[in-house]
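See structure below.
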Amino acid sequence: MKITPAHDFNDFEVGRRHNLPLINVLDVAGHLDLKDNAAFLKDVPPSPELDTTLAEDGFDRFAVRKKIVERLEGLGLLEKIEPTTHVVPHGDRSGAVLEPFLTDQWYVEAKTLAQPAIAAVRERNMVFVPPQWEATFFSWMENIQPWCMSRQIWWGHQIPAWYGPDGKIFVAETEDDAVADALAHYTDNEEITVEEGHDIAADPARRARFAREYIRRDEDVLDTWFSSALWPFSTLGWPDETAELKRFYPTSALVTGFDIIFFWVARMMMMGLHFMKEVPFHDIYIHALVRDASGAKMSKSKGNVIDPLNLIGEYGADALRFTLAAMAAQGRDIKLSTQRVEGNRNFATKLWNAARFAEINGCARDPDFDPRRAKETLNRWIAHETAKAGREVTAAIEAYKFNDAANAIYRFVWNVYCDWYLELIKPVLTGPDGIAKVETRAAAAWALDEILKLLHPFMPFVTEELWHVTAEHGAKRDHMLALDAWPQHHGLDHAAAEAEIGWVVDLVSAIRSVRVEMNIPASTLLPLVLAGASPQTAIRARHWTEFVQRLARVADITFADTAPQGAVQLVVRGEVAALPLKGVIDLAAERARLAKEMAKADADIARVDAKLGNPNFVARAPEEVVEEEKEKREEAEMRKAKIAEALERLKGAA
RNA sequence: GCGCGGUUAGCUCAGCGGAAGAGCACUUCCUUGACAUGGAAGGGGUCAGAGGUUCGAUCCCUCUACCGCGCACCA
């Protein structure tokens, strides 16, 4: 009996165990190859059966398999035919059954190359972000097999190896070099006379013919990753020592998907360390994979790739890019949500409208404006908030936490700059001309400029466009936004401004909340009474009257020692703000609102008491945590007292 | 089977030892001169289940259930 170790995987293993010849009865087209197949014919005595078999030479394997069944049937050797599930690989594109086929191929001794790469990661010359991928990297690198770099595909870099008629291998950079090597070899061993060798070498036509007919180039191409592994330096002019190579090798970070660790990243590391004696990059940021709707990995072969152009057509490239960044939390894949893309399209629109508002109100960039020297509290405040947002965005980007960075700039633009700053400066911008207005216009333009810079990595198009548009007013610009320096804010922190504007924001929010809960129409302007206001609050209230009036729909602000009877009382930063609404408010609704507040305060106190009542907590928890809890309790107690007071007054009103 | 990873508000997802968060959706109100692709205010989670560690667990450990991905080729 003969088996085919050069065709079937199981036969291959059997052949190895028993040292059998490597027989394959198929040719590369899947046709029977029997006639001149020495391995197949060896030791097979002539017979009619052999002749019948040999008659199948050159026929397709599927047809021949049927014929063999017929022959077995004819000989009475077939017992039965039953269906069986047989798993065989199929070509992705052709659908054809792929037959195993033993051939000579080129291998790289990957184990040796892997050692320096493993060491580089262990020594932290290269760092994976997030770090969990290190384990994946090590498990692959430590179990690495010889790397077969021959590929039987129709594109790619052809392997630079030529074979002589005797199987002698000539590896050379060019065909010309291979010819020279081959001529040297075959004249040396006297296959070719020295004179003939000289003649061939000297005659281009004969040289070409020699290359074509005498030696044969390996038909295979290099594995994509073999070529790609050279990318970090071959694209920079290597092996020449170019300026680019010097500047960009090694580079700081490689950004890629996890599935590429096993292919490209590791090979770039191996090749880089081998040829350049240095790592190709220091950080390896493994980003999330965008999966299709069903959570499957996208693949060109599978054809389930979502075309980003469709999303871009609908929502814009900025919205898509921002969404991907905002969803790119470390270590988790992305199932793209069109709703989030839509939301971020709206965000881009919001920014555009804010810029339009600034332009309409003459907010042009002023080269003489220095946010550190701003006089207006509002402008100090937005400088303070801009610096804070800038720090958040910068820190998040440096930590490769792009979702945090995107969310930080989103919140700043929408919930700080648009919702509060632009609203608060409206009275200034529409008010009388003066230095306050001049400064505010400059500050608004400055903050917008900083926004453009911080948002640029996430929304490059709309920010670049706004950068261009805003250049039409105010100071000239001499470069694109993309070329501008990343903002660094120093000396802009301003706790006093933060406290003051924070008070205004809290006051307005509290009044708005009550208005809605009490069903007070927007057209009704409410009087506001600050009860027992501290001198600081009184000063603030006088200064911010116009702003509070506008934003909270308040008629006027007055002061009193105690809240008037029947007024709704709000606790804002520890002090009472009262809205006298006798006859306007629904007393029952107000009582319910206060009861709810009271319940919240009670729950807070109960939770803290449960903690503080536990001797183990007090004994073992860090001191600052215990202190914090005590402060929370005090704050809740104060709140509760004010609410109780308000409830009491309500009784008097009824 | 062998490895990973996930299970948090209706949906898509952050957070990962000290009072549950975002966007969208939902409810109510608002055509006030940047923006209705908008504004204001709300409702909604025993953080899959069970044990354990801890003064304290959504967060750490173990187990269970369910869901995904890789371990062919191609890229």
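Residue numbers begin at 1 in each chain, while the letters A, B, ... track the order of the sequences. No hydrogens, no waters, no symmetry mates; every other heavy atom, side chains included, goes into these values.
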Check: Looking at B/G23, B/A14, B/C35, which one has an atom nearest to any side-chain atom of A/N403?
Finding: B/A14
Next item on the list: In whole angstrom, give the distance that lies between atom CG of A/L311 and atom P of B/U12.
Entry: 17 Å
Next item on the list: Indicate yes or no for a side-chain donor-acceptor contact from A/Q549 to the backbone of A/A555 under 3.5 Å, with no hydrogens or angles considered.
Entry: yes
Notebook entry, point to check: Taking the six-membered ring of A/F412 as reference, does the NZ or CZ atom of A/K388 fall below 6.0 Å from its centre and within a 45° cone about the axis?
Noted result: no
Notebook entry, point to check: Could you give the CZ-to-P distance, from A/R633 to B/G18, as a whole number of Å?
Noted result: 23 Å
Checklist line | Interatomic distance where CG belongs to A/D404 and C1' belongs to B/C16 [whole Å] | finding: 13 Å
Next item on the list: Mind checking A/P521 for me? I need base, sugar-phosphate or nothing, with any heavy atom below 4.0 Å counting as a touch.
Entry: nothing
Margin query: Pairs counted only when both distances fall under 3.5 Å, Watson-Crick or G-U: show me the 5' to 3' dot-bracket for RNA chain B, [ ] for pseudoknotted crossings and | for other-strand partners.
Written below: ((((((((.[[[[.)..(..]]]].(((((.......))))).....[[[[[..)....]]]]])))))))....
Item checked: A/S513 (side chain) donor-acceptor with A/S509 (main chain) under 3.5 angstrom -> no
Margin query: Does B/G56 have OP1 or OP2 under 4.0 Å away from a side-chain N or O of A/K611?
Written below: no
Margin query: So A/A619, base contact, sugar-phosphate only, or nothing? Heavy-atom distance under 4.0 Å.
Written below: nothing
Margin query: Give me the distance, rounded to whole Å, that separates B/C16 from B/U7 when you measure between the C1' atoms they each carry.
Written below: 14 Å
Notebook entry, point to check: Taking the same atom, C1', in B/U58 and in B/C69, what whole-Å distance lies between them?
Noted result: 24 Å
Margin query: Work out how far the C1' atom of B/G3 is from that of B/G17, and round it to whole angstrom.
Written below: 29 Å
Notebook entry, point to check: If you check the A/T430 side chain, which of B/G33, B/U12, B/A14 turns out closest?
Noted result: B/G33
Check: Do A/F458 and A/F347 pass the ring pair (Phe, Tyr, Trp, His ring centres under 6.0 Å) test, and can you show the C-alpha distance, the side-chain angles, and the key distance before you say yes or no?
Finding: CA-CA 12 Å; A/F458 306 98; A/F347 173 58; 10.0 Å; no
Next item on the list: Pick base, sugar-phosphate or nothing for A/N614, based on heavy-atom distances below 4.0 Å to the nucleic acid.
Entry: sugar-phosphate
Notebook entry, point to check: Using a cut-off of 4.0 Å on non-hydrogen atoms, how would the nucleic acid contact of A/A354 be classed: base, sugar-phosphate, or nothing?
Noted result: base
Note to self: Between B/U53 and B/C61, how far apart are the two C1' atoms, rounded to whole Å?
What the structure shows: 7 Å
Notebook entry, point to check: Can you check the A/R340 CZ to B/U12 C1' distance for me, whole Å?
Noted result: 7 Å
Item checked: Spacing between A/R411 atom CZ and B/G21 atom C1', to the nearest angstrom -> 9 Å
Item checked: Under-4.0 Å side-chain N/O to phosphate OP1/OP2 contact, A/R607 with B/G56 -> no
Margin query: Rounding to an integer number of angstrom, what distance separates B/G6 and B/U64 when you compare their C1' atoms?
Written below: 16 Å
Next item on the list: Starting from C1' on B/C71, measure out to CZ on A/F137 and report it in whole angstrom.
Entry: 19 Å
Next item on the list: Rounded to whole angstrom, note down the C1' distance from B/G56 over to B/A22.
Entry: 27 Å
Note to self: Has A/R553 got a side-chain atom pairing as donor or acceptor with A/A522's backbone, closer than 3.5 angstrom?
What the structure shows: yes
Report all interatomic pairs (protein N or O, nucleotide N or O of nucleotides 37-41 of chain B) with separations under 3.5 Å.
unit_1 : atom_1 : unit_2 : atom_2 : d
B/U37  : O4'    : A/N346 : OD1    : 3.3
B/U37  : O2     : A/R345 : NE     : 3.4
B/U37  : O2     : A/T349 : OG1    : 2.6
B/G38  : OP1    : A/N346 : ND2    : 3.0
B/G38  : O3'    : A/K350 : NZ     : 3.1
B/G39  : OP1    : A/K350 : NZ     : 3.0
B/G39  : OP1    : A/W414 : NE1    : 2.4
B/A41  : O3'    : A/S513 : OG     : 3.1

Next item on the list: Return the 5'-most residue of the pair A/D604, A/N519 with respect to RNA chain B, ranking by each residue's nearest nucleotide.
Entry: A/D604
Next item on the list: Let me know which of A/I382, A/T386, A/L455 forms a side-chain contact (heavy atoms from CB on, under 4.5 Å) with A/E450.
Entry: A/T386
Check: Under 3.5 Å, is there an N or O donor on one side and an acceptor on the other linking the side chain of A/K426 and the base of B/A34?
Finding: yes
Next item on the list: Evaluate the ring planes of A/F226 and A/W147, with Trp represented by its six-membered ring, and classify them as parallel (under 30°), tilted (30 to 60°) or perpendicular (over 60°).
Entry: tilted
Next item on the list: Measure from OH on A/Y315 to C1' on B/C24 and round the result to the nearest Å.
Entry: 11 Å
Notebook entry, point to check: Any side-chain donor-acceptor pair under 3.5 Å between A/N379 and A/Y421?
Noted result: yes
Next item on the list: Let me know the distance between CD1 of A/I520 and P of B/C30, rounded to the nearest Å.
Entry: 14 Å
Margin query: Walk me through whether A/E359 and A/R356 qualify under salt bridge (Lys or Arg N to Asp or Glu O under 4.0 Å).
Written below: CA-CA 5 Å; A/E359 185 186 328; A/R356 193 165 77 105; over 6 Å; no
Checklist line | Separation of the P atoms in B/A25 and B/C71, to the nearest angstrom | finding: 39 Å
Notebook entry, point to check: Would you say the side chain of A/E423 and the base of B/A34 hold a donor-acceptor pair, judged only by whether the two atoms sit under 3.5 Å apart?
Noted result: yes
Notebook entry, point to check: If you find the nucleotide of RNA chain B closest to A/Q339 and the one closest to A/C418, which residue's nucleotide is nearer the 5' end?
Noted result: A/Q339
Check: With rounding to whole Å, what would you report as the distance between B/G42 and B/C47 at their C1' atoms?
Finding: 23 Å
Next item on the list: Just say parallel, tilted or perpendicular for the rings of A/F137 and A/F128, cut-offs at 30° and 60°.
Entry: tilted
Margin query: Among A/K632, A/R633, A/R639, which residue satisfies the salt bridge (Lys or Arg N to Asp or Glu O under 4.0 Å) criterion with A/D604?
Written below: A/R639
Check: Quick check: does any side chain N or O of A/Y417 sit under 3.5 Å from a backbone N or O of A/A444, one acting as donor and the other as acceptor?
Finding: yes
